[in-house]
Participant: 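Before I ask anything, here is the structure I am working with.
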Amino acid sequence: MATVVSQQPITSQRPSSNFKASHFLKEPLNVPIKLRQKQFKIQATASQAPLLDPVLSPSKTIPQSYKKKSNEASLILIRHGESLWNEKNLFTGCVDVPLTEKGVAEAIQAGKRISNIPVDLIFTSSLIRAQMTAMLAMTQHRCKKVPIILHDESEKAQTWSHVFSEETRKQSIPVIAAWQLNERMYGELQGLNKEETAERYGTQQVHEWRRSYHIPPPKGESLEMCAERAVAYFEDNIQPELAFGNNVLIAAHGNSLRSIIMYLDKLTSQEVTSLELSTGLPLLYIFKDRKFMRRGSPVGPTEAGVYAYTKRLAQYRQKLDETLA
Ligand SMILES: O=C(O)[C@H](O)COP(=O)(O)O
């Protein structure tokens, strides 16, 4: 499937709709922060602010003595690899199905493409196909850090999954699974064959259900409804991390990512209807000066192509080369 790529630097203005007012927090997000404060606290150093827990530290602003980690951050988006229901051409939505063997290979290939790009935090949906994609991709990353899914579903889940070694935590990457990043809920189409559905309701009607912004499938979510949870989550929990200088990988779904790309690329509800995302193909954005600049799909480490998209990424790759030499 074709992917719309626009090289224009994009402002992070919201598309004209009733998205939740965004706020640019300077400090990192406060959603899993209690967890990260316990599990993966980043040691406060002269250049790094600790992960602030608004509960533990009344003031939510970063103390003046701390600077942002960086003025630039990488954002990688990956639609999960092919799933068993993609292979059967069934509407999937929020049904939790795993990857096919091909989908596993796609996830590993995606990992090769991003293996030289820094990742400090991983966000996935709560669905296994996105989580499998993230974990498989990270097996190829040259940083060799271990992605660890954070569990905050209960106090016991938090305490029972605690890591009691600072050194081990430093060699780990927090993975936050958020239902808000789930695929759009396809309502009464879930489980139906896409071709048979088009024969029954007409190609035009099915295309509208699949790709339009405002029109929901029967008893399902429109892309707009999906955006109102996915983009709101992105603004409230992911964008502050990027603003702080943390590099983020999001492994999610065709439509939840289409809604986020619509926000990043400032696409209109008309333009987004032609946005298609291939399974397992990573997309790179650079976040700098509060703007998202799309950089296309990174090539693999052995393929001819751009060595690194920015000076900071070139330095990161250089450091990996030296460490792994
Ligand atoms: O949910 C599904 O069926 C797929 O992941 C996406 O389907 P679509 O390409 O028909 O939106």
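All ligand and atom numbering here is 1-based and tracks the order in the structure.
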Participant: With a 4.0 Å cut-off on heavy atoms, does Glu276 reach ligand 1?
Facilitator: no
Participant: Under 4.0 Å from a heavy atom of Arg79: which atoms of ligand 1 are those, numbered in the order shown and with their elements?
Facilitator: 4 (C), 5 (O), 6 (C)
Participant: Indicate the atoms forming the closest heavy-atom contact of Ala110 with Ile78, along with that distance.
Facilitator: CB-CD1, 4.1 Å
Participant: Which Ile, Leu, Val, Met, Phe, Trp or Tyr residues join Met225 in one cluster when any pair of side-chain heavy atoms under 4.5 Å counts as a link?
Facilitator: none
Participant: Should the pair Tyr201 and Trp209 be assigned to parallel (<30°), tilted (30 to 60°) or perpendicular (>60°) ring geometry?
Facilitator: perpendicular
Participant: Taking the six-membered ring for Trp, are the ring centroids of Tyr316 and Tyr309 within less than 6.0 Å of each other?
Facilitator: no
Participant: So if I count the atoms of ligand 1 from 1 in the order they appear, which ones are less than 4.0 Å from some heavy atom of Arg211?
Facilitator: 8 (P), 9 (O), 11 (O)
Participant: Taking C-beta and beyond as the side chain, do Glu106 and Glu82 meet within less than 4.5 Å on heavy atoms?
Facilitator: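 In contact.
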Participant: Run the side chain to side chain contact (heavy atoms under 4.5 Å, CB included) test against Lys112 and tell me which residues pass, sequence neighbours left out.
Facilitator: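 In terms of side chain to side chain contact (heavy atoms under 4.5 Å, CB included), with neighbours along the sequence ignored, Lys112 is linked to Ile108, Gln109, Gln140, Pro301.
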Participant: Examine ligand 1 and decide if any of its atoms is less than 4.0 Å from a heavy atom belonging to Arg258.
Facilitator: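 The answer is no, since Arg258 has no heavy atom less than 4.0 Å from ligand 1.
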Participant: With backbone taken as N, CA, C and O and side chain as the heavy atoms from C-beta onward, which portion of His207 lies under 4.0 Å from ligand 1: side chain, backbone, both, or neither?
Facilitator: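 Within the 4.0 Å criterion, His207 makes no contact with ligand 1.
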Participant: Cut-off 3.5 Å, side chains only: do Asn247 and Arg312 have a donor facing an acceptor?
Facilitator: yes
Participant: With a 4.0 Å cut-off on heavy atoms, does Leu90 reach ligand 1?
Facilitator: yes
Participant: Below 4.0 angstrom from a heavy atom of Phe91, which ligand 1 atoms are there? Numbered from 1 as shown, please.
Facilitator: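 By the 4.0 Å cutoff, the relevant atoms are 3 (O).
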Participant: Is there a polar contact between ligand 1 and Gly93, counting only N or O atoms under 3.5 Å apart?
Facilitator: yes
Participant: So if I count the atoms of ligand 1 from 1 in the order they appear, which ones are less than 4.0 Å from some heavy atom of Glu183?
Facilitator: 1 (O), 4 (C), 5 (O), 6 (C)
